[in-house]
*Asks:* 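Starting off with a structure, shown below.
Below, each value reflects all heavy atoms present in this structure, side chains not excepted, and no hydrogens, waters or symmetry copies.
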Amino acid sequence: EYQGSSVLGQFVTRFLLRETSSQLQSLQSSLDCATEAVHDHGCTGRRIVKKPEDLPIQRVIKRPNRRIQKNMCLSPTDPYSGMLTTGVSVEPDNHWGYQINQLEQLMDKLDCESPRLEPLKEDTLAGTYKSNILLVQRQMSVKERDMEQFQQTLKIYTDATSSQLDNLHISVQNLPDRSCFIMYEFWQDRLSWMSYLQSSISKTFQRCIIDSLEEPEIVSTMLLPASWWIMNNN
């Protein structure tokens with residue numbers, strides 16, 4: 001069953017086995033302490049109380065690089081011996097039953113709080129439409145004295161560009177504090193944009209603004225999934 005279980009199922013199985021082993025080691029330590037106390041009492045005729053450092057220590061070694069647990073216990077006749085492993089004092093007669101109940105509660109908690117892992121959702125539209133669209137960002141810093149003329153030229157260009165079949169969208173953002181304009185052009189693909197750069201509309205715009213800019217225009221491009229554009233516009 002372990003070999004055929006899922007990754008989560010195998011993890012739960014290993015965890016429960018380690019927890020069960022730890023509980024049994026604790027109980028075994030209590031029995032060893034009791035056996036040694038009875039043996040000492042029988043040999044001397046009186047009960048000898050050992051110092052804490054003389055009590056047996058059970059070492060449970062897990063996998064490499066993991067913490068080594070140390071379980072110490074007093075005599076099982078001591079009602080507070082259970083606090084060393086569970087943090088709760090129990091009566092000696094109910095020690096076994098209490099440990100079993102704790103383990104059952106832990107198993108029930110793991111069943112209720114097991115993680116719900118969902119598979120990665122693939123983009124089903126990517127195989128139906130062209131995979132990518134092109135986003136072109138153009139940043140232009142304009143001289144103060146040429147601001148009015150630049151805005152008129154920019155409006156003519158944006159109106160002409162938005163009417164192109166291969167152009168999906170165009171918008172302009174103005175940063176007045178810096179006299180800076182950022183224009184965003186969305187094209188169906190890179191080839192459409194490259195072809196539009198050779199058109200008379202694009203060349204005219206470049207010639208008109210070349211003297212209006214304080215510094216050379218900054219152009220950057222980015223490919224975006226075409227399915228994003230299709231879903232957002234439907």
*Asks:* Assess whether atom NZ of K155 is packed by more than 12 heavy atoms of other residues, nucleotides or ligands within 6.0 Å.
*Replies:* no
*Asks:* Membership question, hydrophobic clusters at under 4.5 Å side-chain separation (ILVMFWY): are V219 and F181 in the same one?
*Replies:* yes
*Asks:* Mark yes when over 12 heavy atoms from residues, nucleotides or ligands other than Q139 sit less than 6.0 Å from its CD; otherwise mark no.
*Replies:* yes
*Asks:* Indicate if M222 and F186 have the same hydrophobic cluster label, given that clusters are the connected sets of ILVMFWY residues with side-chain heavy-atom separations under 4.5 angstrom.
*Replies:* yes
*Asks:* Over all heavy atoms of both residues, which pair between T158 and M183 is shortest? Give the atoms and the distance, please.
*Replies:* CG2-SD, 4.1 Å
*Asks:* Flag yes if W187 and M194 sit in one hydrophobic cluster, no otherwise; membership is Ile, Leu, Val, Met, Phe, Trp, Tyr, and two members link when side-chain heavy atoms are under 4.5 Å apart.
*Replies:* yes
*Asks:* With the 4.5 Å side-chain cut-off for hydrophobic clustering, are L168 and I201 part of the same group?
*Replies:* no
*Asks:* Okay, side chain of S199, backbone of Y196: is any donor-acceptor separation there less than 3.5 Å?
*Replies:* yes
*Asks:* Would you mind reporting whether T35 and H39 have side-chain heavy atoms less than 4.5 Å apart?
*Replies:* no
*Asks:* Would Q206 and E217 count as a side-chain contact (heavy atoms from CB on, under 4.5 Å) if you check the C-alpha gap in whole Å, the side-chain angles of each, and the deciding distance to 0.1 Å?
*Replies:* CA-CA 10 Å; Q206 289 298 124; E217 177 185 4; 3.4 Å; yes
*Asks:* Flag yes if I170 and L135 sit in one hydrophobic cluster, no otherwise; membership is Ile, Leu, Val, Met, Phe, Trp, Tyr, and two members link when side-chain heavy atoms are under 4.5 Å apart.
*Replies:* no
*Asks:* Under 3.5 Å, side chain of T204 to main-chain N/O of S200, donor-acceptor pair present?
*Replies:* yes
*Asks:* Looking at NZ of K143 and CD1 of I209, how far apart are the two atoms once the value is rounded to the nearest 0.5 Å?
*Replies:* 12.0 Å
*Asks:* Applying side-chain contact (heavy atoms from CB on, under 4.5 Å) to T221 and R190, what does each step give before you reach the verdict?
*Replies:* CA-CA 9 Å; T221 62; R190 185 179 294 275; 3.7 Å; yes
*Asks:* Could you check whether any side-chain heavy atom of Y184 comes within less than 4.5 Å of a side-chain heavy atom of Q173, counting everything from C-beta outward?
*Replies:* yes
*Asks:* How close do L134 and V136 get, counting heavy atoms only, and between which atoms?
*Replies:* CD2-CG2, 3.8 Å
*Asks:* Considering residues, nucleotides and ligands other than M147, do more than 12 of their heavy atoms fall under 6.0 Å from its CE?
*Replies:* yes
*Asks:* To the nearest 0.5 Å, tell me how far F11 CZ sits from S5 OG.
*Replies:* 14.0 Å
*Asks:* Locate the shortest heavy-atom distance separating Q164 from A160; write the atom from each residue and the value.
*Replies:* NE2-O, 3.4 Å
*Asks:* To the nearest 0.5 Å, tell me how far F15 CZ sits from T20 OG1.
*Replies:* 9.5 Å
*Asks:* Side-chain donor-acceptor pair under 3.5 Å between Y2 and R14, yes or no?
*Replies:* yes
*Asks:* So L175 and I182, side-chain contact (heavy atoms from CB on, under 4.5 Å) or not? Walk me through it.
*Replies:* CA-CA 8 Å; L175 305 179; I182 302 179; 4.1 Å; yes
*Asks:* When rounded to the nearest 0.5 angstrom, what distance separates CD1 in I133 from CD in Q188?
*Replies:* 9.5 Å
*Asks:* Starting from the C-alpha separation in whole Å, work towards a yes-or-no answer on side-chain contact (heavy atoms from CB on, under 4.5 Å) for V142 and E214.
*Replies:* CA-CA 6 Å; V142 185; E214 292 183 347; over 6 Å; no
*Asks:* When you compare the side chains of E144 and S179, does any donor N or O come within less than 3.5 Å of an acceptor on the partner?
*Replies:* yes
*Asks:* What class does the angle between the rings of Y157 and F205 fall in, given that below 30° is parallel, 30 to 60° is tilted and above 60° is perpendicular?
*Replies:* parallel
*Asks:* Examine the side chains of S192 and D189 and answer whether a donor and an acceptor come within less than 3.5 Å of each other.
*Replies:* yes
*Asks:* Out of curiosity, L24 CG to L31 CG, how far, rounded to the nearest 0.5 Å?
*Replies:* 10.5 Å
*Asks:* Hey, could you give me the CE/CG distance between M140 and L154, rounded to the nearest 0.5 Å?
*Replies:* 6.0 Å
